[in-house]
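So you know, we letter chains A, B, ... as the sequences are listed, proteins then strands, and number each from 1.
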Amino acid sequence: MTKKVRVRFAPSPTGGLHLGGVRTVLYNYLFARHHNGDFILRIEDTDQSRFVPGAEEYIFETLKWCGLQPDESAVHGGTYGPYRQSERKHLYKKYAEELVQKGWAYYAFDTAQELDEMRNRLRTDENPTPQYDHTVRMNMRNSLALSKEETNTLLQQNTPHVIRIKMPEHETVSFTDMIRGEVSFDTATVDDKVLLKGDGMPTYHLAVVVDDHLMQISHAFRGEEWLPSAPVHVLLWRYLFGEEAMPQWAHLPLILGPSGKLSKRDGAKYGFPVFAMNWQDPKTGETVEGFRERGFIPEAFINMLAMLGWNDGTEQELFSLEELVQKFTIEKVHKGGARFDFEKAKWFNHEWIKKLDAANYRNEVKILLEHNGLQLTDDQYLDKVLNAVKDRCTVLSDFWSQSYFFFKAPKEIDTTPVKAKWNEEKRSFFKNFSKALGSISDWSPATIEQVFKSLAEQASIKPGELQLPLRLMLVGGKFGPPVFDIAAILGKEETISRIDFAYDLF
RNA sequence: GCCGCGUUCGUCUAAGGGCUAGGACGCCUCCCUUUCACGGAGGUAAUACGGGUUCGAAUCCCGUACGCGGUACCA
């Protein structure tokens with residue numbers, strides 16, 4: 001008997017997809033896959049005024065890059081659509097009205113001014129944020145405080161109103177969190193949350209319960225910031241569909257920045273990305289650099305994110321997405337928040353660049369190199385070069401400085417490291433070496449090195465004294481892979497031509 | 001203020017009553033290498049505090065402190 005698992009994630013299209021958001025999707029995804037369940041993605045677009053054009057596409061592009069595509073969603077289809085909140089408006093309305101009929105919720109006609117007034121009146125040092133709760137609701141303009149006739153009149157006049165849940169006065173509501181165990185709340189401390197807003201859109205509280213029921217969600221991971229509103233959701237399940245049918249929740253610990261909760265501004269402040277991909281703030285028009293654009297590869301990004309709140313109990317740190325799916329278990333998810341460390345993130349990227357064959361990220365690097373003015377036609381040659389230098393690349397942009405000399409001869413040669421010790425003997429050595437290279441039939445690093453060393457011996461010069469000059473001739477400076485590897489990749493013609501061009505410059 | 005959730009090296013973490021609290025990042029030293037790296041060998045550094053329970057506590061219980069979250073017609 002297999003467990004039927006459906007998990008959901010409801011990203012808001014208004015704020016980009018930052019580290020915490022992607023991690024929530026990731027854990028939902030891993031859990032669903034691990035249990036052969038379905039991964040459903042519902043889109044929050046409740047507040048039309050904040051909806052940003054293109055934001056939904058941005059979310060799907062991010063998930064595609066990460067390899068976390070949902071089985072069912074607004075763009076992938078499925079049997080539980082529609083998946084956009086705005087297209088499910090009628091459903092929420094129906095259930096909200098049902099709650100009012102049953103006496104679990106009520107109409108509230110209070111204007112913004114009236115709410116302000118109430119809060120100002122009740123605000124004290126001990127109670128800095130007065131709530132709309134059982135202590136005040138009978139003094140407000142709502143269907144509990146007003147007579148039936150008054151309420152009906154207001155409704156008939158189309159008076160703007162919301163529907164609020166009627167929280168019990170004093171009751172303990174508890175549920176079992178998959179990560180934290182039993183968590184309980186006193187309903188006296190929870191306010192009468194708005195369920196249906198004045199514009200007919202649901203709040204998260206109503207939407208999440210209705211959708212989870214209709215989409216038959218069995219499990220859901222969400223951020224820890226939702227824990228305090230869990231009692232509202234438990235009650236809604238009890239009133240609407242039965243508490244026993246409620247999905248199981250896991251509230252994930254927060255991801256922290258260098259000081260406190262990780263925020264968008266931390267990125268600018270400390271110089272690291274907080275979004276998976278470039279995100280343009282619709283209000284300011286500013287673009288924040290994403291991990292992708294910073295030169296991270298998805299394998300590393302996902303791996304790094306997965307480890308920020310989970311590990312399998314062993315000392316293994318490098319996991320592919322498939323491995324994560326196999327090994328992910330709820331029991332190993334942490335309770336405490338994790339501070340994001342960019343140095344460690346870069347380490348993951350470096351490891352994955354080394355681990356993967358260059359063909360995996362060749363296209364990204366190619367675009368990067370072409371931006372720098374190179375014209376690349378030979379992918380095979382490109383892969384050879386990238387594999388030769390990948391050990392010294394932490395982010396993809398490092399490939400430029402580590403490999404450009406494989407595609408064009410250095411314009412300037414930094415002769416200073418050897419100038420002082422340069423002499424006529426060395427000059428003639430290179431003249432001879434260049435000639436000798438022309439007759440090599442087996443163009444391999446070992447052969448080139450052999451020719452180099454025997455010639456050096458004949459000239460009675462230590463090979464070590466000659467290796468640096470050779471490097472400078474081939475690449476222009478003190479960097480790059482082993483010299484003979486470079487020569488081998490460059491090819492006979494190019495190597496000879498670079499030496500011939502350079503040995504008179506010293 | 002009230003409610004909730006947390007707390008092991010600077011950071012991410014392992015150890016779920018019992019060996020000198022283990023690994024990784026970072027930093028430092030050495031080896032390899034006449035480039036820069038990779039790699040290898042070492043080093044540095046932690047159970048927030050105070051009480052219990054127990055032969056024995058990082059681990060279980062209570063309190064304190066600190067951190068974070070919530071307290072909106074935002075999610």
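Between A:Leu122 atom CG and B:rU71 atom P there is a gap of 18 Å when expressed in whole angstrom units. What separates NZ of A:Lys346 from P of B:rG26 is a distance of 9 Å, to the nearest Å. If you measure from atom CG of A:Asp191 to atom P of B:rG1, you get 19 Å, rounded to the nearest angstrom. Look at CZ on A:Phe479: it is 14 Å from P on B:rU35, rounded to the nearest Å. Atom CG in A:Leu472 sits roughly 15 Å away from atom P in B:rU34 (whole-Å rounding). Nucleotide B:rU71 holds its P atom 14 Å from the CE atom of A:Met167, rounded to whole Å. Computed from coordinates, the A:Leu196 CG to B:rA72 P distance equals 19 Å when rounded to whole Å. What separates CG of A:Asp177 from P of B:rG69 is a distance of 18 Å, to the nearest Å.
For A:Glu225, the side-chain atoms get nearest to B:rG69 when compared with the rest of B:rA24, B:rU35, B:rG69. You'll find that the side chain of A:Leu254 is closest to B:rG69, out of B:rC73, B:rG69, B:rU34. The nucleotide whose nearest atom lies closest to any side-chain atom of A:Lys478 is, among B:rC73, B:rU35, B:rC25, B:rU35.
The side chain to side chain contact (heavy atoms under 4.5 Å, CB included) check on A:Glu315 picks up nothing, with sequence neighbours excluded.
Both distances falling under 3.5 Å, in either a Watson-Crick or a G-U wobble arrangement, place B:rG63 opposite B:rC49. A 3.5 Å limit on both hydrogen-bonding distances identifies no Watson-Crick or G-U partner for B:rA57. B:rC30 is paired with B:rG40 under the Watson-Crick or G-U wobble criterion, all donor-acceptor distances under 3.5 Å. In a base pair of the Watson-Crick type (N1 to N3 plus N6-O4 or O6-N4) or a G-U wobble (N1-O2 and O6-N3), with each distance short of 3.5 Å, B:rG16 is matched with no nucleotide. In a base pair of the Watson-Crick type (N1 to N3 plus N6-O4 or O6-N4) or a G-U wobble (N1-O2 and O6-N3), with each distance short of 3.5 Å, B:rU71 is matched with B:rG1. Pair assignment for B:rG10: B:rC25, on the basis of Watson-Crick or G-U wobble contacts that are both within less than 3.5 Å.
Spacing of P atoms, B:rG22 relative to B:rU71, comes out at 43 Å, to the nearest Å. Using C1' as the reference atom, B:rU20 and B:rA15 are 15 Å apart when rounded to the nearest Å. Using C1' as the reference atom, B:rG52 and B:rA41 are 46 Å apart when rounded to the nearest Å. Comparing the C1' positions of B:rC9 and B:rC5 gives a spacing of 24 Å, expressed to the nearest Å. Nucleotides B:rU44 and B:rC38, compared at atom C1', are 24 Å apart to the nearest Å. Separating the C1' atom of B:rG39 from that of B:rA57 is a span of 41 Å, rounded to the nearest Å. B:rC60 and B:rG16 have their P atoms separated by 11 Å, with the value rounded to a whole Å. B:rC27 and B:rA48 have their P atoms separated by 27 Å, given to the nearest Å.
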Using a cutoff of under 3.5 Å, can you pull out all pairs of nitrogen or oxygen atoms linking the protein to nucleotides 38-43 of chain B, with atom names and distances?
unit_1 : atom_1 : unit_2   : atom_2 : d
B:rC38 : O3'    : A:Lys354 : NZ     : 3.0
B:rG39 : OP1    : A:Lys354 : NZ     : 2.9

Pairs under 3.5 angstrom, nitrogen or oxygen only, protein versus nucleotides 3-13 of chain B, please.
unit_1 : atom_1 : unit_2   : atom_2 : d
B:rC5  : O3'    : A:Arg180 : NH1    : 3.4
B:rC5  : O2'    : A:Arg180 : NH1    : 2.6
B:rC5  : O2'    : A:Glu224 : OE2    : 2.6
B:rC12 : OP1    : A:Arg339 : N      : 2.8
B:rC12 : O2'    : A:Met307 : O      : 3.4
B:rU13 : OP1    : A:Gly309 : N      : 3.4
B:rU13 : OP1    : A:His334 : ND1    : 3.1
B:rU13 : O3'    : A:Asn311 : ND2    : 2.8
B:rU13 : O3'    : A:His334 : NE2    : 3.3
B:rU13 : O2'    : A:Asn311 : ND2    : 3.4

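As judged by a 4.0 angstrom heavy-atom cut-off over every strand, A:Pro253 is placed among residues making no nucleic acid contact. Within 4.0 Å of A:Asp110, counting heavy atoms only, lies at least one base atom of the nucleic acid. A:Glu126 comes within 4.0 angstrom of a base, heavy atoms only. Across all strands, A:Val162 comes closer than 4.0 Å to base atoms (heavy-atom distances).
Toward the 5' end of RNA chain B, the nearer of the two residues A:Gln467 and A:Pro130, judged by each one's closest nucleotide, is A:Gln467. If A:Gln402 and A:Thr111 are placed on RNA chain B by their nearest nucleotide, the residue sitting closer to the 5' end is A:Gln402.
The pair A:Asp212-A:Arg8 meets the salt-bridge criterion, with a side-chain N (NZ, NE, NH1 or NH2) lying under 4.0 Å from an Asp/Glu carboxylate O.
Annotation: cation-pi pair A:Arg23/A:Tyr27 present, NZ/CZ under 6.0 Å from the ring centroid and within 45° of its normal. At least one test fails for A:Arg42 against the ring of A:Phe9: distance under 6.0 Å to the centre or angle within 45° of the axis. Seen from the ring of A:Trp422, A:Lys419 does not count as a face-on cation partner, given the 6.0 Å and 45° thresholds.
OP1 and OP2 of B:rU34 both lie 4.0 Å or more from every side-chain N or O belonging to A:Arg471. Side-chain nitrogen and oxygen atoms of A:Lys332 include at least one within less than 4.0 Å of the OP1 or OP2 phosphate oxygen of B:rA15.
The aromatic rings of A:Phe340 and A:Phe291 sit perpendicular to each other, their planes meeting at more than 60°, with 30° as the lower class boundary. Using bins of under 30°, 30° to 60° and over 60° for the plane-to-plane angle, the ring pair A:Trp279/A:Phe275 lands in the tilted bin. Using cut-offs of 30° and 60° for the angle between ring planes, the A:His205 and A:Trp226 rings count as perpendicular.
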Go through the steps to decide whether A:Trp310 and A:Leu324 satisfy the test side-chain contact (heavy atoms from CB on, under 4.5 Å), and finish with yes or no. CA-CA 10 Å; A:Trp310 175 89; A:Leu324 288 170; 3.7 Å; yes
Is there a ring-ring contact (aromatic ring centres under 6.0 Å, His included) between A:Phe433 and A:Phe452? Walk through the geometry before answering. CA-CA 7 Å; A:Phe433 179 52; A:Phe452 181 85; 5.2 Å; yes
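Counting only N and O atoms by type, the side chains of A:His170 and A:Asp186 include a donor and acceptor under 3.5 Å apart.
Shown here is A:Trp400, whose CH2 atom has more than 12 heavy atoms of other residues, nucleotides or ligands within 6.0 Å.
Shown here, B:rC38 is classed syn by the O4'-C1'-N9-C4 or O4'-C1'-N1-C2 angle, which is within 90° of 0.
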